[in-house]
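First up is the structure itself, then whatever we jot down about it.
Because the structure is predicted, anything quoted here is derived from the model rather than measured. For ligands, and for the atoms within them, numbers begin at 1 and follow the listed sequence.
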Amino acid sequence: MEQFLVDEKLDIKSLNLEQLTEELKSRGEKAFRAKQCYEWMHKKLVRDVDEMSNLSKDFRQMFRDNYEFTSLKPVRVQESKIDGTRKFLFQLRDGNLVESVWMKYKHGNSVCISSQVGCRMGCRFCASTLDGLERNLMPSEMLDQIYAISVYTGERVSNVVVMGSGEPMDNYDNLLQFIHLLTDENGLNISARNVTVSTCGIVPKMRMLAKEHLQITLALSLHATTDEKRKKLMPIANKYSIAELMDACGFYMEQTGRRITFEYSLVGGQNDTDEDARELIALAKPLGCHVNLIPVNPINERDYVQSDEKHIQRFKNVLEKNRINVTIRREMGRDIDGACGQLRRSHMKQEECKEC
Ligand code: SAH
């Protein structure tokens, strides 16, 4: 369980029930204690050890002394007046900040979580990557974004998307543990089908994930249809070609029986022509992929522009005429700090200003 040590303490919320049982047994505790603790943490979502009311004072003290109990604190919450979307900025134990988004839909509430502090993938249009990678998030830190939001809003979360800051496949082991805990019947018991993981396309990890045979949805950030164009937007394209990516997608579908979604951010003048649409059809059709178009959300540090509405509709129509299943991701919470990583950045900048 070494992977779950933080500052020499075991990060207790990152353990699955089996590991927790083993850990508490090694301290002479009975197995049912582990079940009780697990439920307090992962089902009843307590924010503090003292809320575990059926456990003795001594036990709680032992728990506090020996373990790291992740409980994220919201330092800022922004609510959209347009659609009720809320963005949360959470502080981690070491002072790092991550952001998460809560979206209300007719079919249930969805939370978009971050998987890393910062990111090292360097996608040209993305704010999360501007300062590089700070560190990976522990499974508990991914989970607790959802737990804290459930408690804060008082509403059940039914869908989880790993589409916030960070590259989930660059934090693979913790991601896998997170998915197991999230979908565990002793915890929140979220259906794997309601979990989406988005990747910029780290081919070996996509293949590893395929072999796990999970029923989650995998979304691939494609954003361009030729290696040449993709390299201009995403440095990862220098490492893996589109041909390798498509092979990995085929393998994933074969292993899991699940369809893949292509995410395609429309950048004005870069990837939004009829030719791009036709090339995208050629990639999506053989695999039967769903395409999710995202009008690019311009960030201050870069000069990318959104495709105009006419181009977006035209692009969509070309795909639809060719019977590609396509949706446009309308940005939620347009009146609050836009794209991934922007809330964290704007908060950090304000804090810097306070200091000077
Ligand atoms: N690292 C993962 C998750 C990142 S964010 C990945 O690459 O998939 C989720 C999606 O938002 C990705 O498709 C990402 O490319 C896209 N994205 C990031 N910044 C954006 C922006 N400013 N405008 C539009 N889409 C953006």
Side-chain angles (χ1 to χ4, degrees), residues 87 98-101 103 110-134 136-137 142 145 160-172 174-175 178 195-203 205-206 209 216-224 229-237 239-240 245 248-249 252 260-268 270-272 280 289-307 312 315 327-334 336-346:
K87 295 205 175 183
V98 287
E99 57 184 87
S100 326
V101 187
M103 291 157 286
S110 187
V111 171
C112 172
I113 65 151
S114 296
S115 55
Q116 296 179 313
V117 183
C119 182
R120 57 179 178 151
M121 295 299 132
C123 298
R124 301 287 299 157
F125 44 80
C126 181
S128 308
T129 200
L130 290 167
D131 296 324
L133 176 68
E134 188 64 42
N136 282 330
L137 292 189
M142 290 187 248
Q145 295 172 53
V160 172
V161 294
V162 188
M163 284 191 184
S165 293
E167 168 50 45
M169 300 288 185
D170 192 34
N171 185 13
Y172 184 83
N174 287 342
L175 173 79
F178 157 76
V195 178
T196 300
V197 172
S198 175
T199 179
C200 64
I202 301 182
V203 167
K205 295 290 161 58
M206 289 167 70
L209 187 66
I216 60 167
T217 299
L218 184 65
L220 170 66
S221 298
L222 190 61
H223 304 323
K229 278 185 262 185
R230 199 163 187 263
K231 281 177 195 171
K232 284 195 189 138
L233 295 171
M234 306 173 74
I236 192 74
K239 206 154 179 193
Y240 306 109
L245 273 178
C249 287
Y252 188 90
I260 289 186
T261 298
F262 285 165
E263 287 160 282
Y264 195 93
S265 293
L266 287 161
V267 186
Q270 297 244 353
N271 63 0
D272 60 351
L280 183 55
C289 289
H290 174 109
V291 174
N292 196 205
L293 300 174
I294 318 171
V296 84
N297 195 342
I299 56 173
N300 297 337
E301 292 78 357
R302 303 265 193 261
D303 52 5
Y304 290 115
V305 290
Q306 221 174 61
S307 304
I312 296 173
F315 200 92
T327 44
I328 299 181
R329 182 156 92 204
R330 288 295 166 197
E331 195 194 324
M332 303 282 282
R334 213 162 324 152
I336 51 184
D337 282 292
C340 317
Q342 282 191 352
L343 175 57
R344 173 168 169 257
R345 283 187 75 75
S346 71

For ligand 1, note which part of Glu167 has a heavy atom under 4.0 Å away: side chain, backbone, both or neither. both
At what distance, to the nearest 0.5 angstrom, does CG of Leu137 lie from CE of Met142? 6.0 Å
Would you compute the distance between atom CG of Asn297 and atom OH of Tyr304 and round it to the nearest 0.5 angstrom? 14.5 Å
Contacting atoms of ligand 1, where contact means under 4.0 angstrom from a heavy atom of Asn297: 21 (C), 22 (N), 23 (N), 24 (C)
My understanding is that only residues two or more places apart in sequence, or in another chain, count here; which of them pass salt bridge (charged side-chain N to carboxylate O under 4.0 Å, His left out) with Glu263? Arg329
What atoms of ligand 1 come closer than 4.0 angstrom to any heavy atom of His223? 13 (O), 14 (C), 15 (O)
Quick one: side chains of residues 120-127, donor-acceptor pairs under 3.5 Å with protein atoms, not counting sequence neighbours, listed by atom name and distance.
from   : atom 1 : to     : atom 2 : distance (Å)
Arg120 : NE     : Asp170 : OD1    : 3.4
Arg120 : NE     : Asp170 : OD2    : 2.8
Arg120 : NH2    : Asp170 : OD1    : 2.7

Rounded to the nearest 0.5 Å, how far does CG of Asn174 lie from CZ of Phe178? 11.0 Å
With a 4.0 Å heavy-atom cut-off (strictly under), which part of Thr199 contacts ligand 1: side chain, backbone, both or neither? backbone
Can you tell me how far apart CD1 (Ile260) and CE (Met206) are? Round to the nearest 0.5 Å. 5.5 Å
Can you name the atoms of ligand 1, numbered from 1 with element, that are less than 4.0 Å from a heavy atom of Glu263? 10 (C), 12 (C), 13 (O)
Per-atom filter on ligand 1: closer than 4.0 angstrom to a heavy atom of Val296 are 23 (N), 24 (C)
State, to 0.1 Å, how close Leu280 and Phe315 come at their nearest heavy-atom pair, and which atoms those are. CD2-CE2, 3.7 Å
Mind checking whether Gly166 has an N or O less than 3.5 Å away from an N or O of ligand 1? yes
If we ignore angles and hydrogens, is there a donor and acceptor under 3.5 Å between the side chains of Asn171 and Ser115? no
Identity of the nearest option to atom 12 (C) of ligand 1, non-hydrogen atoms only, from Ser221, Ser114, Ser265: Ser221
What atoms of ligand 1 come within less than 4.0 Å of a heavy atom belonging to Cys200? 6 (C), 7 (O), 8 (O)
For atom 4 (C) of ligand 1, state which one of Cys112, Cys123, Gly164, Cys119 supplies the nearest heavy atom. Gly164
Heavy-atom closest pair, residues Leu233 and Ala224: CD1-CB, 4.5 Å
Heavy atoms only: which of Tyr264, Tyr304, Phe125 lies closest to atom 17 (N) of ligand 1? Phe125
Heavy-atom pairs closer than 4.0 Å: do any link ligand 1 to the side chain of Arg329, the backbone, both, or neither? side chain
For ligand 1, which atoms, with element, lie under 4.0 Å from some heavy atom of Met163? 5 (S), 9 (C)
